[in-house]
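Comments concern the structure below.
This is a predicted model, so every value here is computed, not measured. Chain letters run A, B, ... following the sequence lines, proteins first and then strands; every chain starts at 1. Note that these values count all heavy atoms, side chains included, but never hydrogens, waters or copies made by symmetry.
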There are 4 protein chains.
Amino acid sequence: MAENAARHHGNRHGRSEQARLAVLEAADDLLVEKGFAGLTIEAIAASAGVSKQTIYRWWSTKTDILLDAFLQDLAEDLPVPDHGSLERDLRHYLRNLAYFLTRTDAGAVLRALLGHAQHDVDFAAVLRTRYLDEQLSRDKLALERAVERGELPDSLDIAAEVDQLVGPIYYRALVTGGAVDEGFTDALVDACLRRVS
Amino acid sequence: MAENAARHHGNRHGRSEQARLAVLEAADDLLVEKGFAGLTIEAIAASAGVSKQTIYRWWSTKTDILLDAFLQDLAEDLPVPDHGSLERDLRHYLRNLAYFLTRTDAGAVLRALLGHAQHDVDFAAVLRTRYLDEQLSRDKLALERAVERGELPDSLDIAAEVDQLVGPIYYRALVTGGAVDEGFTDALVDACLRRVS
Amino acid sequence: MAENAARHHGNRHGRSEQARLAVLEAADDLLVEKGFAGLTIEAIAASAGVSKQTIYRWWSTKTDILLDAFLQDLAEDLPVPDHGSLERDLRHYLRNLAYFLTRTDAGAVLRALLGHAQHDVDFAAVLRTRYLDEQLSRDKLALERAVERGELPDSLDIAAEVDQLVGPIYYRALVTGGAVDEGFTDALVDACLRRVS
Amino acid sequence: MAENAARHHGNRHGRSEQARLAVLEAADDLLVEKGFAGLTIEAIAASAGVSKQTIYRWWSTKTDILLDAFLQDLAEDLPVPDHGSLERDLRHYLRNLAYFLTRTDAGAVLRALLGHAQHDVDFAAVLRTRYLDEQLSRDKLALERAVERGELPDSLDIAAEVDQLVGPIYYRALVTGGAVDEGFTDALVDACLRRVS
DNA sequence: TAGTAAACGAGACGGTACGTCGCGTCTTTCG
DNA sequence: CGAAAGACGCGACGTACCGTCTCGTTTACTA
């Protein structure tokens, strides 16, 4: 089947899934291989075996492609654990987040996208809509569950707490480049628990 | 005599200070006017009344220029207040930092540079050497003074504390785009004081 | 239909004839206007309303363009008259040649190309292949016809005769800059006839 | 003396002969090594160990330098033999001229200069004044002597005869690139003698 | 069982900016 | 005061990608 499937050359109704996936994969590969600055739409097209026009038909910028590629890769997400214990949930979640941000390929792509968002406000908005908002919800989840369970008071400013939990992690990942180990994330959890209890 | 020196067109010993300053100023202006992506070396040269070759003689990339321009602008620095009181020092310092990062032109340039550092590890290293390290020292200063005064124990992990103090500020500025008001920074100080005392 | 075809912006099968002609015409015009040294590919592109890349796609140097332009202009050629009389043929042909070389725009382009060939052996070879060889055939034609008619012996060294006929004309045009009038060309014909008869 | 003379760095009284010769020699060498197009004033300065300004103080263009270099090399000139016999004089002279033009380094430089003169009328005038006029006198010499001796009539159009004698040689050297051997130059002499006698 | 229309590959096009090279000018310092 | 050194403004070079535009081809739905 795959053998004689040969090339796809158009379809009256709807786009070629084959082309779409080839582009996303090529974008990912080339980002790793050449870096963000060395990533060109022309190269993506060539490497994906796709014409430039096909890319421009469906995406408008290279960061648009990268965002799609990133979200595609994000199938294996950041599951928010639910141990019924705020401490264990947070500890587990922050460790995962730190690992994701600093150690995985997808994390590298996210850092690149956040970097680009610093000098493109339109893209910053898109990134928020398509990824960050959802991620923020996940960040809050452990605390929200604790409130529901009555473990924490309704009056808690969850947003502020989340910023103090994850902020230092992003700071090290994006700014100082310092290590983000379990000692560090556990300390963040400890500090949080002392604040809220 | 110095007055009618007119234009400087090169001499045997060293570069033209006039050209240097014109480039840095033009880079600053154009970054604000056109944004990072719209900032070209060609435009900087034209706007500074300087030839491209003169730029390439002294800088290698546009971020190189921007970093110089940023450091030049940083004369009016972030003075670290010394009230003799840890609380007042921190409260003051964080407010200044937040204002600098989110409200000033220099802060915008810094965010752009941090953004670029996300996809250029070489530049990230340069940025650290030429700016961030020094900034980190400033960040630590208030706590270090408190230790010297005996207000805080020697055993304090100052680096970790600093990350928890400034991390959330950078996080909001670089990632969520959320407001960084005095209520937020004061809460960070409160949390810090509770941790260390 | 052909009327409203409007602008051509590239297509799958080959180059834009419109762009090709615009380049050749612009090259011709600019050579006359600015001279050889003042002729730049950038100016040709601008004047032809064509991008530089389009020029570089099809030509490698400005002399390459000029040679094409010259050959294009050469539609109205140097017809070799055939009066059935060697004397009348030669007299007519040499007058035409002298006029062409010293008085016409195309002649000026040819002198420029010959000039460039003096310090570019590769181009000299190209010039021979694409123009001079054919021109040499034309130069020989009148004598060859006379041989065919039996007017001249088979043993005649036509190449040597041609060099003595046209050589002095090129010499004056290219080296001394002296006038090449009819008295001069007629004298060349007379001398030739005396030699061969 | 030569030992401790070291470098010359300015002179209160007139220009440096050392610099002048170094420039001319470097120009010659580089023309051979890199060709006319690859010959730059910057390279000449570097290769001669001379500053650009020194070159510009004394010459205006690179062809100006080359012309000086050419005339300097022309010490060993084209002596016009005087055997007391027109035939022997001409035969000898044309052979020398052909050899000079097509086989010597100085001939190559002359061809380059003639090439440049095709697209620079100002330089063409300079070349005539500083070299060609003198050369034309030499070309005429053998015939003039024959007239003086009474061997040829006063009424002879010497200029026209010279063009027919040397024209074909320049034509082959500059245009067709054909060989210019003794058979060819001797034939030219034969034809001339038949015309004038 | 054609026709037909969307999506495709290919790739030429007008552009913009790149980073480099050489030009000719200028200034400073040395001898 | 000539010469070395070398920075400067300038302009063209040739290249890389940009995003747009045909132009045939492939394919799956529709008539």
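At whole-Å resolution of the value, CD in Gln18(D) and C1' in dA4(F) are 13 Å apart. Between Lys34(C) atom NZ and dA12(F) atom C1' the separation is 13 Å, expressed in whole Å. In this structure, the CZ atom of Arg20(A) is 12 Å from the P atom of dC8(E), given to the nearest Å. Atom CG of Asp64(A) is separated from atom C1' of dC18(F) by 16 Å (rounded to the nearest Å). Between Arg57(A) atom CZ and dT20(F) atom C1' the separation is 12 Å, expressed in whole Å.
Residues satisfying the salt bridge (Lys or Arg N to Asp or Glu O under 4.0 Å) test with Lys62(D), not counting sequence neighbours, are none. Every residue two or more places apart in sequence or in another chain that forms a side chain to side chain contact (heavy atoms under 4.5 Å, CB included) with Ala108(D) is listed here: Arg111(D). In terms of the ring pair (Phe, Tyr, Trp, His ring centres under 6.0 Å) criterion, residue partners of Phe36(D) (sequence neighbours excluded) are, by chain and number, His119(C), His116(D). Partners of Asp64(A) according to the side chain to side chain contact (heavy atoms under 4.5 Å, CB included) rule, which considers only residues two or more places apart in sequence or in another chain, are Trp59(A), Ser60(A), Thr61(A), Arg130(A).
For residues 43-61 of chain B, the pairs satisfying salt bridge (charged side-chain N to carboxylate O under 4.0 Å, His left out) are Glu42(B)-Lys52(B), with sequence neighbours left out. Within the structure, the salt bridge (charged side-chain N to carboxylate O under 4.0 Å, His left out) test picks out no pair touching residues 25-35 of chain A (sequence neighbours left out).
Taken from CG in Leu24(D) to CG in Leu66(D), the straight-line distance is 9.5 Å, to the nearest 0.5 Å.
Taking only side-chain nitrogens and oxygens, Arg15(A) never comes nearer than 4.0 Å to OP1 or OP2 of dA6(E).
Between dC13(E), dA3(F), dA7(F), one nucleotide has an atom nearer to the side chain of Trp58(D) than all others, and that is dA3(F). Side-chain proximity of Ala19(C) to dC13(E), dC8(E), dG9(F): nearest is dC13(E).
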Distance-only donor-acceptor pairs under 3.5 Å for side chains of residues 122-129 of chain C, two or more places apart:
from: Arg128(C); atom 1: NE; to: Thr176(D); atom 2: O; distance (Å): 3.0
from: Thr129(C); atom 1: OG1; to: Ala125(C); atom 2: O; distance (Å): 3.0

Fill in the blank from the handout: The contact string for nucleotides 15-20 of chain E, one letter per nucleotide 5' to 3', using protein heavy atoms under 4.0 Å with B, S and - for base, sugar-phosphate only and none, comes out as B-BBBB
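Residue Trp59(D) is classed as having no contact, given no heavy-atom separation below 4.0 Å to the nucleic acid.
End-to-end axis angle for the helix from dT1(E)-dA31(F) to dG31(E)-dC1(F), using five pairs per end and rounding to 10°, comes out at 0°.
A cation-pi arrangement is present between Arg15(A) and Trp58(A) under the rule of less than 6.0 angstrom and at most 45 degrees off the ring axis.
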